[in-house]
Amino acid sequence: MITNKTPLRPLIPRLEKVLPDTRRDHTRVDEVVFKNQMAYCVCRYPLGMSGGQIQDEDISASSQWSESTAARYGRLNFEEGDGAWCPEITVEPDNLKEFLQIDLRSLHFITLVGTQGRHAGGIGNEFAQMYKIKYSRDGSRWISWRNRQGKQVIEGNRNAYDIVLKDLEPPVVARFVRFMPVTDHSMNVCMRVELYGCEWLDGLVSYNAPAGQQMNIPEHVVYLNDSVYDGAIIYSMTEGLGQLTDGVCGLDDFTESHVYNVWPGYDYVGWSNQSFPGGYVEIMFEFDRIRNFTTMMVHCNNMFTYNVKAFQHVVCYFRSESDWEATPLAFSPSVDDEDPSARFVPVPLANHMASAIKCQFYFADVWLLFSEITFQSDTAMYNTTLTPPKDDPTHKVDDSTTRILIGCLVAIIFILVAIIVIILWRQVWQKMLQKVSGMANEIQMTESILSTQSETFAYSHNQSSGGTSEQESSSTYERIFPLGPDYQEPSRLICKLPEFAQNSEEPGICSGLTVAQDGVPHYAEADIVALQGVTGSNMYAIPALAMDLLSGKDMAVEEFPRKLLTFKEKLGEGQFGEVHLCEAEGIQEFMNKEFLFDVPEEATVLVAVKMLRSDASKNARNDFLKEIKIMSRLKDPNIVRLLAVCIYSDPLCMITEYMENGDLNQFLSRHEPEGQLALLSNAATVSFGNLCYMAAQIASGMKYLSSLNFVHRDLATRNCLVGKNFTIKIADFGMSRNLYSGDYYRIQGRAVLPIRWMSWESILLGKFTTASDMWAFAVTLWEILNFCKEQPYSQLTDEQVIENTGEFFRDQKRQIYLPQPVLCPDSLYKVMLDCWRRNAKERPSFQEIHRVLLQIQP
Ligand code: AMP
């Protein structure tokens, strides 16, 4: 059938089988009698699963494995949620209960379907090897799709990522479509899908006709039945669509089998006048609503040598409401006894308004053979160009429809305005609340930090560690980072990875699923106490040991008068804002005596001043103050020292010791390994021994941190500072947290993570431990030995890094390790590989690493 189907805008032009967005003009049936195959060919536009035009609420399913694999995640090419729709239970071969359903909201001509499995950045591996399609036009009568040979099962995917497109031969006209995974053995199946086609603007919902017959001619038996009719067929065909609307025209010689390689006469539905004493075949067409009909096009065979001719006369009746119009419309095309080619016979319908048309086609010879019937109707024309006769009863119908439409539009506008007002009001209200609570938090936090000698934190045994840690978790991940290339926002990573689900015990991750504990250190919950955080609203779960550290009397920092700072130059910029080199006059007086040993005695000391940017969010401000709190209590030669703070007024500042050579990444990037090349280019060099010396200092600083059960979480060369004579100090505690609270961290929402430095369990499970710091240390060591000339896994995209993380988890020898740097001896590379072991317990400790690195030094 040829239709004036309006193509939707294509959204995945790169799929070859899908049409590119070039055809915007809509071919009109009465303007061009085009081959109807063309209609079929052009009607291949994605209908909105991948492009988002299909709303979440229009995608449903028989069941879902979890919230994150709900039906709405079954969109082709989408990686949202856990990467696909997955039914609740394993799909069994004899149980076809599971389905993913799409409601297209209106009838569509669907010519192509696409399926894909669940890949989820490399950690998903479920797909449907086979599936069936069911469709419905009204939501109640469901029809199983069959191909032209009667087969229902469609071959699906062979892996979790490739999109497999399948032509629907025959195409279907439907509003609702169900994809039903089929398996030959019990297996987990997940699907992402797309439908391709275009809107079915004809509005033809069904045709009823006498069943097609069989023609016996000397060489052949020609079956002229409607083999793809999707309604009921007994003596006549009722309530279905079929070959007369499948978009395929029959050949001139109907005895030849068509392209589908089926039986002769396949493309035609035919009747013999011997079975119709009235001399005509009656076909009734039902439409979705009242339409204004201009033309009916009937594709007829005209092989008069076989006694087949197009109809000689047609009489059509119209029904707009319940009754048939008394006066039919009659039309007699010219009978053609000369040209045997098949043709479209146009029947003018004279702008009749109807929701059903009944036409009697009169035989011109023994046989009538039709392959397509299409209607041109145009409701839009009714309102614009064609004015119906004033006494036309259908005028009223349309008029009232217009009034209802206008009423609906006005109502929608009112609702929208109301929603906008509510949103604006809420925003203003929230801003006010934020201001108030921000002030309160600030005051509390500032007081807390300044309560120098007598500072004690109220703490009590953790009665609700889960709840408190959730707060901590979200506050951490919602913080604002100026995204550098080293930090990524991975798509939701903690997925319903079946392998995890099977082994897991820890609740909370993966929407109620649990997580493999294997390889990740366990920490006794009894050690954990809840600390009322300085913000007043944040609660951290931290161990008693760290409590001592944090509440130690002589560890706090003092406020330094801002006016005694003289700006010298900008040193760099980090997550919180700019870092300036300043002269600090008389800072010794404001420093804790314990910290004085390292600071020059001159009156004016060079210091680094890290300032919080003025537009920082409340979370960033709290994190900045948290970093101060953490740093104020760390005392180690390889940890950068906080000397004083300026937090009485904005901008908040932390004053740290100045490291002359900046961060290690920049420092090494400016240097070359010792050797001929460096000699020739006159480049500054660093010896292998000094590289090991610097690495050993990082290991030493980390040894100190791990002894306090602190997890840095962001160890990398960019976060280590270089002083004189290759001294190294670890800095940037913006992401660091106590080890125990790390137990509760989840990668949720918009996490921003240095994935190339992170262990598999940190990425997949949100686990940050000393062992994951060890993983990052080995990556840092790798950077050092490469003189920071290359980013880790530089040849992999972020998605591939995450895929590789899945391989580390699966541990089937498919994971890619960072390669051995040229400068790296085998023994040291072996140590690095030990740091990247899947089982965290098997990774070395910082004591061991420190010892190894000291031994390597020349
Ligand atoms: P941060 O905000 O800590 O990431 O610092 C941003 C950049 O400022 C670093 O990459 C360093 O180049 C520089 N920087 C930070 N702290 C110091 C310091 N104490 N001494 C010298 N340079 C620093």
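Note that ligands are numbered from 1 as they come in the structure, with each ligand's atoms numbered from 1 the same way. What you are looking at is a predicted structure, and each value in this text was computed from that prediction instead of being measured.
Close approach to T656 involves these atoms of ligand 1, each under 4.0 Å from a residue heavy atom: 19 (N). Every atom of ligand 1 with a heavy atom of G572 under 4.0 Å away is listed here by number and element: 7 (C), 8 (O). For ligand 1, the atoms sitting less than 4.0 Å from at least one non-hydrogen atom of E573 are 6 (C), 7 (C), numbered in the order shown with element in parentheses.
Residues E848 and S845 have side chains that bring a donor and an acceptor to within less than 3.5 angstrom of each other. Looking at Y817 and Q815, their side chains do bring a donor and an acceptor atom within 3.5 Å of each other. K703 and H850 share a side-chain donor-acceptor pair at under 3.5 Å.
Residue E660 places no heavy atom under 4.0 Å from ligand 1. Note on ligand 1: Y658 sits in its first shell, one or more heavy atoms being nearer than 4.0 Å.
Proximity of N719 to ligand 1, defined as any heavy-atom pair under 4.0 Å, is not found for any part of the residue.
For atom 1 (P) of ligand 1, the nearest protein heavy atom (residue, atom name, distance) is D732 OD2, 3.4 Å. Shortest contact from atom 22 (N) of ligand 1 to any protein heavy atom: L571 CD1, 3.7 Å. The nearest heavy-atom contact from the protein to atom 3 (O) of ligand 1 is K610 NZ, 2.9 Å. For atom 19 (N) of ligand 1, the nearest non-hydrogen atom of the protein is E657 O, 2.8 Å. Nearest non-hydrogen protein atom to atom 15 (C) of ligand 1 is V579 CG1, 3.6 Å. Ranking protein heavy atoms by distance to atom 10 (O) of ligand 1, first place goes to D663 OD2, 2.7 Å. Protein heavy atom at the shortest distance from atom 2 (O) of ligand 1 is G574 CA, 3.2 Å. Scanning the protein for heavy atoms near atom 23 (C) of ligand 1, the closest one is L721 CD2, 3.8 Å.
Classified by interplanar angle (parallel below 30°, tilted 30° to 60°, perpendicular above 60°), the ring pair F726/F667 is perpendicular.
Contact annotation: the side chain of F768 never approaches that of H712 to less than 4.5 Å [non-hydrogen atoms, C-beta and beyond]. A heavy-atom distance below 4.5 Å is not found between the side chains of K563 and C646.
Where the criterion is an N or O separation shorter than 3.5 Å, residue side chain and backbone included, A608 fails it with respect to ligand 1.
Proximity of a side-chain donor or acceptor of N638 to a complementary backbone N or O of K729 within less than 3.5 Å is not detected. Side-chain atoms of W782 come within 3.5 Å of backbone atoms of P819 as a donor-acceptor pair (strictly under, hydrogens ignored).
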Practice item. Assess whether salt bridge (Lys or Arg N to Asp or Glu O under 4.0 Å) is satisfied between E578 and K610, documenting all intermediate values. Key: CA-CA 6 Å; E578 292 187 349; K610 194 190 268 195; over 6 Å; no
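Checked options N665, D663, N786; the residue passing with T717 is N665 (criterion: side chain to side chain donor-acceptor pair (under 3.5 Å)).
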